Number of protein chains: 2
Amino acid sequence: MSFLCKIVRMANEAQALNERAQLLLKTLVERYIADGQPVGSRALSKISGLDLSPASIRNVMADLEEMGFIASPHTSAGRVPTARGYRVFVDTLLTVKPLDRIEIHQLEGQLQVENTQKLVASASHVLSELTRFAGIVVTPRRASGFRHIEFLKLAEKRLLLILVTADGDVQNRIIQTEKVYSPSELVEAANFLNQKFAGCTFEEIRGRIHAELKQLREDMTQLMSAALAAGDQAVTDSAEDVVISGEVNLLGIDDLSSNMGKLRDLFNLFEHRTTLLQLLDVSSRAQGVQIFIGGEAGLQPLDECSVVTAPYEVDGKIVGTVGVIGPTRMAYERVIPIVDITAKLLSSALTQR
Amino acid sequence: MSFLCKIVRMANEAQALNERAQLLLKTLVERYIADGQPVGSRALSKISGLDLSPASIRNVMADLEEMGFIASPHTSAGRVPTARGYRVFVDTLLTVKPLDRIEIHQLEGQLQVENTQKLVASASHVLSELTRFAGIVVTPRRASGFRHIEFLKLAEKRLLLILVTADGDVQNRIIQTEKVYSPSELVEAANFLNQKFAGCTFEEIRGRIHAELKQLREDMTQLMSAALAAGDQAVTDSAEDVVISGEVNLLGIDDLSSNMGKLRDLFNLFEHRTTLLQLLDVSSRAQGVQIFIGGEAGLQPLDECSVVTAPYEVDGKIVGTVGVIGPTRMAYERVIPIVDITAKLLSSALTQR
DNA sequence: CGCCAGCACTCTCCGTGATTGAGCGCCAAT
DNA sequence: ATTGGCGCTCAATCACGGAGAGTGCTGGCG
């Protein structure tokens with residue numbers, strides 16, 4: 001709702017600018033992104049392509065400033081884009097150039113498809129390498145049910161419990177038993193669970209197990225409860241989590257590293273997974289690439305950062321989000337396609353399996 | 001060898017100092033560690049406990065400087081300890097106060113014993129929390145052999161392969177098959193491997209499998225090679241790795257964050273696991289807590305850092321290292337027992353299982 | 001009405017002293 | 001051996017001033 005309003009307002013704002021103003025804003029933002037210095041009227045008049053004197057440029061710039069798209073750090077500096085300026089820029093002025101085939105292939109080659117965990121980790125890593133910012137991936141959420149269990153004897157009173165969930169995820173844990181189980185007892189217990197409960201959720205199992213338990217000898221209860229505990233663990237572990245790579249890259253960004261305090265806040269944010277998740281969950285409601293500029297997400301540590309995200313899907317259903325966190329002054333036209341393609345590659349890699 | 005020489009030289013160096021000089025060096029280092037300012041003769045004369053005037057103190061300080069234990073950043077500043085000064089301090093002057101029972105219990109409570117991975121991660125986290133520096137743990141090395149395998153059918157041509165190594169580690173991977181295997185074929189293949197090769201290393205299996213393979217139908221070869229690949233993966237994955245937590249803490253240390261460049265080098269070092277491993281492997285050759293001061297380890301990024309490590313063991317055998325990376329100006333008397341106890345708790349947690 | 005040259009004004013950025021204060025080294029006296 | 005005293009050095013801080021960059025405004029021109 002408020003989201004739609006925002007879009008509309010944005011379009012209006014952009015329309016309020018005549019073509020010249022738009023071009024100049026675009027040129028200014030591009031220039032500022034390129035070299036990080038406030039852009040003055042002289043410079044703008046040279047590179048804009050329009051044949052206008054600095055004085056005329058200044059008039060337009062004054063308008064742009066009044067409308068809140070640009071601002072000057074101090075009287076005798078050039079102008080820099082404001083958050084709103086960036087907003088208009090990415091929404092209506094930006095021209096993204098898609099990655100060429102070679103780059104896509106390289107990117108694809110770097111994804112490690114062995115298992116979901118590695119896939120997610122490598123996607124995050126690839127994002128950080130390609131953009132030289134921090135890469136983030138929200139792990140796929142899944143509806144986990146019970147598929148298969150196995151008990152393996154490690155020592156007299158030590159068992160290895162292996163649990164396979166419906167989505168093919170494998171959990172394992174070592175349990176100390178009070179009683180010594182024979183291999184056949186272990187097989188029996190496993191068979192019981194596998195036959196009775198395959199396909200059920202752990203919730204269901206918990207509900208039914210008391211009734212069914214009579215069929216088994218009493219000394220099996222320890223195995224059962226261990227299995228259930230592992231199941232719960234599996235559910236907990238497969239909850240959404242966010243994987244971040246290349247935070248180090250952000251240390252090198254002078255926009256951010258200039259004031260240590262902010263930088264530390266930012267890194268602390270990275271350790272606060274839940275907060276990040278909330279932000280990224282929003283992104284998974286919409287299709288395609290989304291961009292959060294500055295504090296738009298409502299998190300102060302992200303003041304001078306932008307977050308570029310895109311959801312990825314399995315079998316047509318959105319299951320997670322990939323993205324990049326970098327300084328607001330980033331090369332959006334490069335980052336956007338990278339995030340976009342990564343999301344798509346991740347989708348197809350996950351769907352194939 | 002050169003290591004022994006060093007120890008001996010150190011002892012000599014300490015002996016070359018008379019009692020007064022030792023006390024003053026100790027006081028100076030303690031004071032410097034406490035507030036990070038160069039310590040002047042006036043301050044030292046006040047807090048040393050000795051009843052000496054600043055002028056006398058200055059004489060001693062001049063001697064200490066000549067011997068290379070302290071240095072002054074510039075003419076009109078006090079003195080700060082050099083790396084050698086710290087060395088003597090921790091080797092012969094330092095008085096550590098052991099943790100009290102309550103702290104040990106708190107520490108123990110924070111370790112998550114569910115499985116090895118979590119245990120190691122939590123140990124690293126605890127170290128970083130307690131010291132407010134970066135915690136490091138080298139994962140236990142193990143001699144991995146084959147114990148058990150299982151094939152589980154996920155879909156027509158998709159299998160889940162579960163591999164248990166001798167040390168109870170579980171590997172799993174999804175494989176796409178060309179042929180559709182029946183459940184009984186999968187059981188047959190698993191049984192074949194489990195009976196023939198239980199207890200072998202993957203090397204041995206690779207050697208023997210060609211000979212033994214004739215006994216099985218030809219279409220089993222894909223399963224076998226997949227199993228071997230997973231085995232190799234298991235060996236690779238269970239190779240030593242180092243887990244680091246709380247790097248963020250180092251951002252707050254003003255000794256380090258004063259020059260960004262170094263800080264970045266340091267963080268890059270953290271991403272270079274192999275380099276760190278080499279350093280930490282050294283530590284696992286000796287018993288008890290070891291301390292590397294400044295660049296002693298031969299790594300420039302650690303210029304202004306110290307590394308405090310201690311090996312941990314399973315069944316009396318050293319299998320890994322825990323430690324802390326922080327600024328050279330750290331409260332050694334606090335950090336040393338923390339690292340020491342963590343190593344011991346980790347040892348006992350791993351031995352119990 | 002749009003454009004533009006010119007001019008005064010405002011700030012930041014540096015470099016240059018001048019001042020202050022901490023701390024040392026040396027020396028002569030005890 | 002210890003100590004008080006003296007002169008010296010050097011970092012840190014501040015004030016001042018000029019240079020440079022860029023703006024806003026005004027008045028003139030097509």
Side-chain angles (χ1 to χ4, degrees), chain A residues 16-25 27-32 34-82 85 254-255 258-259, chain B residues 16-25 27-32 34-82 85 254-255 258-259:
Chain A
L17 296 173
N18 58 35
E19 205 168 322
R20 170 191 292 179
Q22 286 194 21
L23 178 65
L24 284 177
L25 177 57
T27 317
L28 185 144
V29 176
E30 280 169 353
R31 168 63 176 257
Y32 180 69
D35 62 54
Q37 299 297 323
V39 184
S41 52
R42 250 178 69 93
L44 210 47
S45 108
K46 272 188 197 155
I47 58 171
S48 71
L50 301 174
D51 196 24
L52 288 178
S53 78
S56 310
I57 303 277
R58 283 204 283 277
N59 287 325
V60 184
M61 286 169 89
D63 293 346
L64 286 173
E65 181 158 27
E66 210 170 327
M67 286 187 268
F69 297 128
I70 58 180
S72 51
H74 57 84
T75 356
S76 82
R79 306 302 217 294
V80 301
T82 60
D254 35 2
D255 296 25
S258 55
N259 64 356
Chain B
L17 296 174
N18 58 35
E19 205 168 321
R20 172 191 291 179
Q22 285 194 19
L23 178 65
L24 284 177
L25 178 56
T27 317
L28 185 144
V29 176
E30 279 169 352
R31 169 62 176 256
Y32 181 68
D35 62 52
Q37 299 296 324
V39 183
S41 53
R42 249 177 72 90
L44 210 45
S45 108
K46 272 189 197 156
I47 59 171
S48 71
L50 300 175
D51 197 23
L52 289 177
S53 78
S56 313
I57 303 277
R58 281 203 286 276
N59 288 326
V60 184
M61 285 169 89
D63 294 345
L64 286 172
E65 180 158 28
E66 210 170 326
M67 287 188 266
F69 296 128
I70 58 179
S72 52
H74 56 84
T75 357
S76 80
R79 306 301 218 295
V80 300
T82 60
D254 35 1
D255 296 24
S258 56
N259 64 356

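This is a predicted model, so every value here is computed, not measured. So you know, we letter chains A, B, ... as the sequences are listed, proteins then strands, and number each from 1.
- Taken to the nearest 0.5 Å, the CG atom of A:L28 stands 5.5 Å off from the CE atom of A:M61.
- Comparing B:D51 and B:H74 against DNA chain D, the residue whose closest nucleotide sits nearer the 5' end is B:D51.
- Across the protein-nucleic acid pair, A:R79 atom CZ and D:dG22 atom C1' stand 9 Å apart, rounded to whole Å.
- Minimum atom distance to the side chain of B:N59 is reached by D:dT3, of the listed D:dT3, C:dC24, C:dT12.
- One interatomic measurement links the two molecules: CG of A:D63 to C1' of D:dT23, which rounds to 14 Å at whole-angstrom precision.
- Of the listed nucleotides (C:dC11, D:dT3, D:dT9), D:dT3 has the atom at the smallest distance from the side chain of B:S56.
- At whole-Å resolution of the value, CE in B:M61 and P in C:dC26 are 14 Å apart.
- Between the side chain of A:S53 and the base of C:dC4, no donor-acceptor pair under 3.5 Å is found.
- Rounded to whole Å, the distance from CG on A:L52 to C1' on C:dG2 is 10 Å.
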- Item | Test side-chain contact (heavy atoms from CB on, under 4.5 Å) applied to A:V39 and A:R79, step by step | CA-CA 5 Å; A:V39 184; A:R79 306 302 217 294; 5.8 Å; no
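- Atom CD in A:Q37 sits about 15 Å away from atom P in C:dT12, given to the nearest Å.
- Comparing atom distances between the B:A55 side chain and each of C:dT12, D:dG4, D:dT23 picks out D:dG4 as nearest.
- Side-chain proximity of A:R20 to C:dC3, D:dT3, D:dG24: nearest is C:dC3.
- Between the side chain of A:R58 and the base of D:dG24, a donor-acceptor pair under 3.5 Å is found.
- The interatomic distance linking A:L44 (CG) with D:dA21 (C1') rounds to 15 Å, in whole Å.
- The side chain to side chain contact (heavy atoms under 4.5 Å, CB included) check on B:R58 picks up B:S41, B:P54, B:A55, with sequence neighbours excluded.
- Across the protein-nucleic acid pair, A:E66 atom CD and D:dT23 atom C1' stand 15 Å apart, rounded to whole Å.
- Atom CG of A:D35 has more than 12 neighbouring heavy atoms from other residues, nucleotides or ligands inside a 6.0 Å radius.
- With rounding to whole Å, B:I57 atom CD1 is found 12 Å from D:dG4 atom P.
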- Step-by-step side-chain contact (heavy atoms from CB on, under 4.5 Å) determination, B:L52 to B:R20: CA-CA 11 Å; B:L52 289 177; B:R20 172 191 291 179; 3.6 Å; yes
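- The nucleotide whose nearest atom lies closest to any side-chain atom of B:S76 is, among D:dT9, C:dG25, D:dG22, D:dT9.
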